[in-house]
Amino acid sequence: MRLRQIEVFYAIMTTGSLRKAAEVLNVSQPAASKVLRYAEHSLGFALFERKGGRLIPTREAQIMLPHVNAIFGKLSDLRRLTHNLRYARAGHSISIGCVPSLGLSLIPRVVRSYCADHPDTEVTIDALHGSEIVSRIFNHDLDLGVVFGNYSREGLTAQHIGDIPLVLIDKEKDQGPVALTDIDQNRYLGLSEKDPTADLLDMALDEAGISATPAIRVRTHFMAAELVRLGVGCAIVDALTVLHHPGLPRPCTLSPPLSIKCTVLYRADYALSHISRDILGLLRHELDKDLQDLEAMV
């Protein structure tokens, strides 16, 4: 099949009709119908059955669809890549991915500071989980990723910019430090196993001889903090979330203390642009300010 024939097939499968497919492709309905007939002729089998003016996908069409979806996924990646390469050459844009906790605290302040001095720069921010950030960096969809934890991947550079303390938030406790064995396991809210902090906490709990099976697990520190604010239970989260989440109980440090690395990721095969270097400097600066504020809080 030629690319145009694949486009017509895909458009019909996704829109459900030849008329709508023609509209999507910005061609006339007879032209789209002609391309479909040529496609079926070259394949040697029908892609659709004509019933009552409708096109019903054949078994062969259903089998082909996942492969065609993969082709269009690659085309979408290519369009995104060419867009990113175009604006990267212009040197006036940056795309940043960050874990949700940092998207509610650190990153907005960094962007505010940068854009105040560089109002013509196009900045795109996405709050994503770590694995998604890594994937999008390799796909040229992000220039920088800011994550919790260690990410060791071939082709990826990881710069450690700070250690974020982990703290307990619990309406029934306001004095630290608190030993892991003193945390009420019946009220403990866990983090998703996909979170690097969860891996760290699980290891620490195992070493303390605690078998924690939380009834509630969440994927973000912010969600855990909000549940604590609503009185659902207690949680261990990164201290930046506590610093920028109003209405929470006073955080308690842990004994022994635990912290999670804050890391900036970018492709190893590209030198950092001047914008990325400036953003990296601001990240370090703003994080240092937060860590100073945390010392006064806990």
Side-chain angles (χ1 to χ4, degrees), residues 96-110 125-134 144-151 158-171 173-174 176-180 183 188-205 212 214 216-230 232-265 283-298:
I96 304 169
C98 64
V99 292
S101 294
L102 298 178
L104 294 165
S105 56
L106 181 66
I107 301 302
R109 299 200 322 276
V110 167
I125 310 168
D126 282 311
L128 305 161
H129 294 284
S131 59
E132 297 171 288
I133 289 173
V134 170
L144 294 178
V146 192
V147 299
F148 288 147
N150 292 314
Y151 284 83
Q159 284 201 26
H160 170 229
I161 62 170
D163 293 317
I164 314 299
L166 298 181
V167 295
L168 172 72
I169 42 175
D170 186 346
K171 288 190 173 183
K173 293 183 184 294
D174 60 4
V178 176
L180 293 178
I183 296 173
Y188 179 63
L189 306 170
L191 294 169
S192 164
E193 291 87 345
K194 295 182 180 180
D195 188 297
T197 312
D199 295 335
L200 177 66
L201 287 172
D202 287 346
M203 286 190 293
L205 291 168
I216 300 175
R217 283 189 179 270
V218 296
R219 291 198 68 186
T220 69
H221 295 232
F222 183 85
M223 179 69 73
E226 182 64 11
L227 288 170
V228 172
R229 189 186 71 81
L230 294 173
V232 176
C234 61
I236 297 174
V237 298
D238 73 278
L240 294 187
T241 291
V242 178
L243 186 64
H244 299 284
H245 194 132
L248 293 176
R250 185 177 184 274
C252 299
T253 56
L254 299 172
S255 177
L258 293 173
S259 62
I260 189 76
K261 292 183 181 297
C262 187
T263 307
V264 176
L265 307 175
L283 281 167
R284 294 182 186 277
H285 175 71
E286 291 293 336
L287 182 56
D288 285 343
K289 285 170 57 178
D290 272 352
L291 293 177
Q292 291 173 13
D293 291 341
L294 287 169
E295 289 181 3
M297 175 186 284
V298 297

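Note that this is a predicted model, so its numbers are computed, not measured. All values below were derived from every heavy atom in this structure, side-chain atoms included, with hydrogens, water molecules and symmetry-related copies excluded.
- Of all heavy-atom pairs between Leu191 and Ala224, the closest is CD2-CB, 4.4 Å.
- Here the closest heavy-atom approach between residue Asp163 and residue Ser259 is recorded as CB-OG, 4.0 Å.
- The line from CZ of Phe148 to CG of Asp199 is 14.0 Å long, rounded to the nearest 0.5 Å.
- Contact between Gly130 and Val99 at its shortest, heavy atoms only, is N-CG1, 4.4 Å.
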- Message: Could you walk me through whether Leu106 and Leu283 satisfy the side-chain contact (heavy atoms from CB on, under 4.5 Å) test, starting with their C-alpha distance in whole Å, then the side-chain angles of each, then the deciding distance to 0.1 Å, before giving a yes or no?
- Response: CA-CA 8 Å; Leu106 181 66; Leu283 281 167; 3.9 Å; yes
- Task: Carefully, step by step, assess Leu180 and Ile236 under the rule side-chain contact (heavy atoms from CB on, under 4.5 Å).
- Result: CA-CA 10 Å; Leu180 293 178; Ile236 297 174; 3.9 Å; yes
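- Side-chain contact between Val146 and Thr263 is absent, with no heavy atoms from C-beta onward closer than 4.5 Å.
- Listed by chain and residue number, nothing satisfies the salt bridge (charged side-chain N to carboxylate O under 4.0 Å, His left out) test with Arg219 (two or more places apart in sequence, or in another chain).
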- Message: Applying side-chain contact (heavy atoms from CB on, under 4.5 Å) to Asp290 and Arg109, what does each step give before you reach the verdict?
- Response: CA-CA 11 Å; Asp290 272 352; Arg109 299 200 322 276; 3.1 Å; yes
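- Nearest heavy-atom pair across Ala198 and Ser192 is CB-O, 3.1 Å.
- Nearest heavy atom pair, residue Val242 against residue Leu248, reads CA-CD1, 3.9 Å.
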- Message: Applying side-chain contact (heavy atoms from CB on, under 4.5 Å) to Val147 and His129, what does each step give before you reach the verdict?
- Response: CA-CA 8 Å; Val147 299; His129 294 284; over 6 Å; no
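- Shown are Leu240, Ile164, Asp238, Val110; of these, the side-chain contact (heavy atoms from CB on, under 4.5 Å) with Leu102 is made only by Leu240.
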